[in-house]
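Letters A, B, ... mirror the listed sequences (proteins, then strands); counts begin at 1.
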Amino acid sequence: MEFKKYTLDNGLTIIGEINPAAKSSAVGFFVKTGSRDETKEISGVSHFLEHMIFKGTEKLSTIQVNEAFDKTGAQFNAFTSEEITVFYAAILPEYLLDITSLWIELMNPALRDDDFDIEKNVIKEEIAMYKDQPDFVVTETCRNLYFGKHPCGNSVLGSVKSIENLSAGQMRAYFSERYAPNNRMLAVAGNFEWDKICQLAVQSCSAWQKKETSRDTSDYPGAKKKKFLKKSRLARQHICLMTKAVPAQDNSRFAAHLLCSIIGDSTGSRFFWEIVDKALAEIATMHFGAMDGTGIFQTYIQCSPENSSKVMDVVNNIFTDVSEKGITEDELVKAKNKTLSALVIKNELPMGRLIDLGLNWTYLNQYRTISDDIDSIKAVTKDEILNLVKRLSLQDFTIVYLGPG
Amino acid sequence: MTGHFDKHILKNGMVLLGEPMESVESAAFDFALPAGSSRLPDGFCGAANIIADWIFRGAGDKNNRQLGDALDGLGLHRSSSVGSAHLSLSGVLENTNLYEAICLFADIILKPALDNEHFELAKELAISDLLALDDDPQQKVMLKLRELFYPYPLGRSTAGNLDELKNLTAEKTRHLIRENFNLSETIFSVAGKYNLEKLTSQLEKLFSTGTAKKTQPIEIRPQEHKYTHIHNDGAQVHIGLMTPTVTASDENYYNARVAVSVLSGGMSARLFTEVREKRGLCYAIAARYHGLRESAGIVCYAGTTPDKAQQTIDCILEEFERLKEQISEEEIQRAKAGLKSSLILQSESSSSRAIGIGSDYYLLGRVRSLDEIKQNIEACTVDSVLGFLRKKPFRNFTIVTIGPKEIIVQK
């Protein structure tokens with residue numbers, strides 16, 4: 001695999017990792033913007049804008065955009081989080097230049113008023129869809145409670161009210177600031193010719209105007225609050241806990257990831273043996289959410305309302321035990337094996353590789369090979385994990401219960 | 001993908017299928033055991049979920065914890081899934097650990113501990129998962145739809161039936177395992193990096209002791225197509241609909257696949273364009289082919305707020321009906337490009353291939369090569385797809401909705 005990088009005068013960076021053995025290629029734009037970069041008045045604009053990017057440009061109508069993607073058989077989509085918006089496509093190598101060219105074109109959307117009005121309905125439907133997913137509701141509520149006024153607590157979707165009040169003009173202003181070339185990046189992985197991609201980007205993106213962008217990347221310790229939400233139609237209790245973890249830029253991020261695997265992987269973890277295996281809850285998992293300048297450990301539990309307090313006793317005991325005694329060597333070895341095999345399998349596909357490549361560049365401004373990540377995971381020690389839990393205090397969590405009451 | 005497949009039939013009748021992949025370091029495998037939801041006798045709906053959990057709670061000389069630790073120690077990512085025909089036990093891992101994983105799975109299939117205490121826990125989890133479906137209307141609507149659409153018992157709920165789950169005992173379930181873990185009807189598939197010779201002799205040795213017998217085909221009873229509404233006070237009406245079409249062995253199979261791709265293959269396809277892009281009725285709207293060996297359908301899902309539900313279903317049905325009237329050359333070309341490209345993209349994943357070759361073998365009795373599929377897709381034309389649709393139009397829908405409002409279905 002060979003890594004390539006080029007930066008235009010306007011700050012747009014193009015990166016690529018070439019794997020001539022791959023049968024496909026993947027290409028994407030990574031824009032460093034999300035709900036944490038929004039004010040209350042424009043809540044949900046990043047995600048809404050992600051939808052509007054597909055609605056066409058001065059040259060292309062919505063229908064033409066969809067047809068242009070589909071005639072190549074591309075598997076394409078986009079996602080928006082609290083801090084990043086990613087547009088991506090997996091594609092056969094012969095269509096890569098066409099699709100890259102299409103993405104570049106779409107990066108200057110028309111943002112037409114009539115498209116904006118129709119898409120507003122789609123966004124409101126998406127908000128309604130997630131309302132019917134209690135795991136999503138409890139997680140979003142917990143994030144909001146944990147972060148309080150810190151922007152990382154902002155809702156990605158926004159509310160029906162904020163979406164209704166949003167104007168196309170506000171979206172255009174947000175676009176021109178946050179989608180500046182120095183705040184986005186073009187990444188390519190798999191089987192492709194670097195020179196051709198680079199040439200295309202130089203020709204088509206050099207006129208984009210650089211702009212000053214900034215973001216509040218202050219760390220946040222979390223609110224340590226508790227909330228009960230009652231919804232009588234629910235059958236199960238949905239519980240979300242959040243505690244402070246390390247930022248995406250922190251060298252302890254690999255230790256944090258392994259810690260989550262040891263405590264809350266879906267198989268073989270402490271949660272698994274103490275909670276799921278004993279049928280106290282059907283789901284009990286813990287994830288590490290590495291963010292720009294901050295980070296969270298996020299636990300999600302789904303159980304019967306009657307088991308709720310018993311499950312929380314077990315969770316508290318596990319957190320206390322890990323905080324006091326750390327983890328065992330055996331647990332660490334198993335977590336490393338699982339994490340390493342997942343990493344290798346994911347990166348066998350150019351699409352999987354593209355995401356890691358792009359996120360590493362976005363957060364670290366750094367190219368990391370798969371071997372770099374493998375070495376970092378292998379190097380984590382028991383003591384490093386113990387130091388991490390001592391530093392972070394797992395027991396001081398924010399918690400939200402959502403259930404029939 | 002080299003275009004080469006391995007096939008070997010073990011002495012006990014179990015089929016080994018393999019697809020070597022040069023550019024990967026992983027190996028993925030799948031044991032498809034004939035213990036899916038339709039293969040179990042009446043009164044045992046959901047038992048396969050208990051079995052899928054129970055057999056992992058200790059096997060061979062290992063107790064529950066030792067077995068879990070051994071599987072994790074190999075870096076194995078495993079999953080169990082219950083389908084209509086099979087209970088699938090699959091895994092993916094770094095290729096050098098494959099043989100050790102197969103040893104553990106042989107114990108899980110042939111020598112599970114199956115003690116009473118763990119039965120109760122597995123049963124409780126299966127019941128919990130079933131109850132939790134009420135909090136997941138999107139999944140629930142699809143399960144209910146398949147249950148009502150397919151001839152009984154092919155679409156029987158893979159999540160189970162509450163009363164039947166509660167009535168299950170360890171003894172009855174042990175009997176089911178003995179009866180249904182029939183090796184002569186089991187398909188083992190592997191894809192990625194593996195050594196065929198080593199694997200074949202290992203499987204011959206490990207599986208020489210299991211049950212192998214001829215079983216009776218299941219009796220199938222057609223059902224009446226109808227509309228069912230399940231009330232809940234959620235934010236959306238979740239709409240599922242299904243219409244019969246040809247199975248994978250039918251000469252018109254590829255015409256059916258291209259037709260559904262014209263309807264819902266990509267963002268330029270008709271359903272997305274008409275329902276979402278032009279009218280803004282839904283966020284989630286999609287249709288796809290869903291096939292069993294004996295029966296198949298086109299399944300469609302849409303989620304929408306109550307005041308738009310009627311317009312959404314009317315619009316979807318109109319698009320299904322309109323399809324046979326006219327399709328443009330460009331639409332056919334896009335549909336074919338989408339199908340071919342997804343085929344090639346999937347061919348890079350060892351997990352997709354292990355499941356894919358096993359499923360081909362079950363549905364068709366052989367594995368199709370990438371070239372064969374490509375040629376068949378390529379051979380579809382506007383005329384062939386329209387000809388097929390006019391002969392077998394997408395009609396006679398089974399419809400299920402879950403949500404705060406019912407819809408009116410025209411006869």
Side-chain angles (χ1 to χ4, degrees), chain A residues 21-24 54 62-63 65-67 69-75 90-92 95 118-129 131-134 233-236 238 267-268 272-273 276-279 281-282 302-304 330 333-334 337-342 344-345 348-351, chain B residues 1 23-26 64-65 68-69 71-78 92-94 121 124-125 128-129 131-132 134-138 232-236 238 265-269 272-273 276-278 280-284 303-305 330 333-334 337-338 340-342 344-345 347-350:
Chain A
K23 286 195 200 67
S24 68
F54 293 95
T62 308
I63 306 283
V65 171
N66 293 340
E67 288 176 354
F69 274 115
D70 283 348
K71 77 175 184 199
T72 68
Q75 293 189 348
I91 187 79
L92 303 184
Y95 295 117
I118 286 209
E119 201 60 17
K120 229 177 212 192
N121 292 319
V122 175
I123 301 286
K124 287 195 281 184
E125 286 299 333
E126 194 175 351
I127 293 173
M129 178 184 84
K131 262 193 192 153
D132 279 354
Q133 296 177 15
R233 75 177 154 86
L234 291 178
R236 312 298 288 172
H238 303 266
T267 60
F272 176 81
W273 289 115
V276 178
D277 188 69
K278 292 184 174 152
E282 58 273 18
Q302 183 188 300
C303 62
S304 69
D330 186 46
V333 170
K334 275 186 293 167
N337 286 346
K338 283 197 280 186
T339 305
L340 290 172
S341 71
V344 171
I345 292 158
E348 282 179 353
L349 304 177
M351 193 55 236
Chain B
M1 201 163 173
S23 56
V24 301
E25 287 305 311
S26 62
N64 183 24
R65 184 64 194 246
D69 285 350
L71 291 166
D72 274 356
L74 297 174
L76 175 77
H77 294 264
R78 65 180 160 96
V92 54
L93 75 179
E94 200 270 320
L121 295 171
E124 211 171 315
L125 279 173
S128 297
D129 283 335
L131 294 172
D134 279 345
D135 291 356
D136 188 354
Q138 204 168 338
N232 100 351
D233 288 325
Q236 283 195 315
H238 301 267
M267 278 175 38
S268 68
F272 197 88
T273 305
R276 179 165 152 173
E277 297 287 39
K278 289 192 186 163
L281 294 172
C282 292
Y283 169 72
T304 183
T305 39
E330 291 74 30
Q333 287 308 330
R334 287 198 301 272
K340 281 187 289 182
S341 136
S342 90
I344 296 166
L345 293 172
S347 78
E348 290 186 297
S349 153
S350 53

Contact origin within [X] toward chain B - heavy atom pairs under 4.5 Å:
X: Thr62(A); result: side chain
X: Leu349(A); result: side chain
X: Val333(A); result: neither
X: Glu126(A); result: both
X: Ala22(A); result: both
X: Ile345(A); result: side chain

Next on the checklist: Restricting to non-hydrogen atoms, name the atom on Ala132(B) and the atom on Glu282(A) that form the minimum distance, rounded to 0.1 Å.
Outcome noted: CB-OE2, 3.8 Å

Contact part of [X] toward chain A, heavy-atom cut-off under 4.5 Å: side chain, backbone, both or neither?
X: Arg65(B); result: both
X: Gln333(B); result: neither
X: Ser128(B); result: both
X: Leu131(B); result: both
X: Leu71(B); result: neither
X: Glu330(B); result: neither

Checklist entry - Is a side-chain donor-acceptor pair under 3.5 Å present for Glu125(A) with Gln236(B)? => result yes

I'd like to know if the side chain of [X] reaches the main chain of [Y], judged simply by a donor and an acceptor atom lying under 3.5 Å from each other, with no hydrogens or angles considered.
X: Asp70(A); Y: Ser268(B); result: yes
X: Asn121(A); Y: Gly280(B); result: no
X: Gln75(A); Y: Ile91(A); result: no
X: Glu348(A); Y: Glu25(B); result: yes

Checklist entry - Could you go step by step and tell me if Phe272(B) and Glu277(B) meet the side-chain contact (heavy atoms from CB on, under 4.5 Å) rule? => result CA-CA 6 Å; Phe272(B) 197 88; Glu277(B) 297 287 39; 3.4 Å; yes

Item to check | Between Asp330(A), Thr339(A), Ile127(A), Val276(A), the one whose heavy-atom pairs under 4.5 Å with chain B are most numerous | outcome: Val276(A)

Checklist outcome for this item: Interface check, chain B: of Asp132(A), Leu340(A), Ile118(A), most non-hydrogen pairs under 4.5 Å belong to Asp132(A)

Look at [options] and state which one has the largest set of heavy-atom pairs under 4.5 Å with chain A.
options: Gly234(B), Gly338(B), Ser342(B); result: Gly234(B)
options: Asn232(B), Leu281(B), Leu74(B), Asp136(B); result: Leu281(B)
options: His238(B), Glu94(B), Lys340(B); result: His238(B)
options: Leu121(B), Leu345(B), Asp135(B), Asp134(B); result: Asp135(B)

Checklist entry - Partners of Asp72(B) by salt bridge (Lys or Arg N to Asp or Glu O under 4.0 Å), sequence neighbours excluded? => result Lys338(A)

Checklist entry - Between Glu119(A) and Arg276(B), does at least one N-O distance fall below 4.0 Å, as a salt bridge requires? => result yes

Next on the checklist: side-chain contact (heavy atoms from CB on, under 4.5 Å) for Asn66(A) and Lys71(A)? Distances and angles first, verdict last.
Outcome noted: CA-CA 9 Å; Asn66(A) 293 340; Lys71(A) 77 175 184 199; over 6 Å; no

Next on the checklist: Going by ring pair (Phe, Tyr, Trp, His ring centres under 6.0 Å), name the residues that satisfy it together with Phe54(A), two or more places apart in sequence or in a different chain.
Outcome noted: Trp103(A)

